[in-house]
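A short worksheet on the structure shown next.
In what follows, chains are A, B, ... by sequence order, proteins preceding strands, each numbered from 1.
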There are 2 protein chains.
Amino acid sequence: MYLYNIEMDKRPSDTVIRAWTRLMRAQQLALGSIEGALKAAGLPPLVWYDVLLEVERAGPDGLRPYELERAMLLAQYNLSRLIDRIEAAGYVERKLCTDDGRGQRVVMTDAGKVIRRQMWPVYARAIECAVGDRLSEEEAEILGDLLGRLIGGQDDLTIPKTASNTVRARELAQ
Amino acid sequence: MYLYNIEMDKRPSDTVIRAWTRLMRAQQLALGSIEGALKAAGLPPLVWYDVLLEVERAGPDGLRPYELERAMLLAQYNLSRLIDRIEAAGYVERKLCTDDGRGQRVVMTDAGKVIRRQMWPVYARAIECAVGDRLSEEEAEILGDLLGRLIGGQDDLTIPKTASNTVRARELAQ
DNA sequence: GACAGTTAGATGCAATTGCATTAAACAACA
DNA sequence: TGTTGTTTAATGCAATTGCATCTAACTGTC
């Protein structure tokens, strides 16, 4: 009983708390700076990029919203409306899904490809500015490894998606 | 001209992109898990904790909203309404500021102290779960250092606040 | 095929956020 | 003092998010 409580109520060390705090802060600042850069350039917000990238990667047949949902860790109702907006802007299209009457396929439009390519340089510059300019290559690798440990095992769905989104941006972007 | 462009358009390496992506993802997951834990426990969201902590730390005279704003990297209009809500819940009080007719002082109530203390164990457990359980003490230290490098210099206002919020939570909690 | 259970996606509504603007108080200065 | 510019804080309004619920289509079982 005594030992049991010690285990259950184990409190984070100061070091752990510091890492936590800085994780929150660093992400907030980094995200803010990229969103600001995109807005300043008259471009859509960052989530749009992730969606567009995922959809473009999926090829001419696009993909199902629920696939997108899992790849992006986005709530279903949230994604549904996000697609509404992106579609309204003309960057993706919803096509009906032949093999599943409930569903649909989200596919890229030409305008979508264009805008995604326009966003990438701005995005890239912001990443470089927030991370690349501040860490050596070795440090960035260590940071990536450590953060990977925080991601892994948190949620079944996220594990296979670890290398997702932005990582593959490099391949597509130019 | 050629060299100039190379500098300006320097693109992030794959390693840097990976670190970036995982920063976003790790924070998203970690934040989500703590918010979920708080909600499940019937407690207010995480921002409330940060506000309450900052206000409690400020002592009996409280602090000015604009100080809070800077400490927390929160937009002014956003904070204004956040205080509205926390005040409506009875956890802080707005008192008028003797030395500045425009302003006010946000001070803690007893109920606020109680709720903050109730939130801490849940918060602490979530931090331990998201970070402490996944990294050794040494790794957490390295992670904190690297993240600190991402924070420093990004914004003048944030530098003096690096050790902010949650870090000091430990002292107050319990 | 009928029926219970599950999954995909949308939607009404409330809460929160972002943006632009406003009002009041202060500060500096002619 | 009157004028101009700045800082503090609030607020109207639109956009986004979160929650709960709903519909339609699928799956499996009998």
Residues in contact with DNA chain D, drawn from residues 99-109 of chain B - heavy-atom cutoff 4.0 Å
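Listed by number, they are B:R102, B:G103, B:Q104.
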
Under 3.5 Å, which donor-acceptor pairs do the side chains of residues 73-82 of chain B form with other protein atoms, sequence neighbours left out?
none

(message) If the cut-off is 4.0 Å, is B:R85 near the phosphate of C:dA15, judged by side-chain N/O to OP1 or OP2?
(response)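 No, outside the criterion.
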
> Does one side chain, of B:E137 or A:T15, offer a donor that lies under 3.5 Å from an acceptor on the other?
Replying inline: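 There is such a pair between these side chains.
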
> Of all the choices, C:dA10, D:dA10, D:dT17, which nucleotide is nearest to the side chain of B:Q76 once you look at every atom?
Replying inline: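 The answer is D:dA10.
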
Exercise. Give a yes or no on whether the backbone of A:R105 and the side-chain of A:R64 come within a donor-acceptor separation of less than 3.5 Å.
Key: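 Judged by distance alone, no pair lies under 3.5 Å.
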
For [X] and [N], give me the distance from atom [atom1] to atom [atom2], rounded to whole Å.
X	N	atom1	atom2	result
B:L82	D:dA10	CG	P	12 Å
A:Y77	C:dT7	OH	P	18 Å
A:L74	D:dT16	CG	P	13 Å
B:R81	D:dT17	CZ	P	17 Å
B:N78	D:dA9	CG	P	15 Å
A:K39	D:dA15	NZ	P	12 Å
B:I83	C:dT17	CD1	P	13 Å
A:L68	C:dA8	CG	C1'	13 Å

query: Between A:D145 and B:R18, is there a side-chain N and carboxylate O pair less than 4.0 Å apart?
result: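 Yes.
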
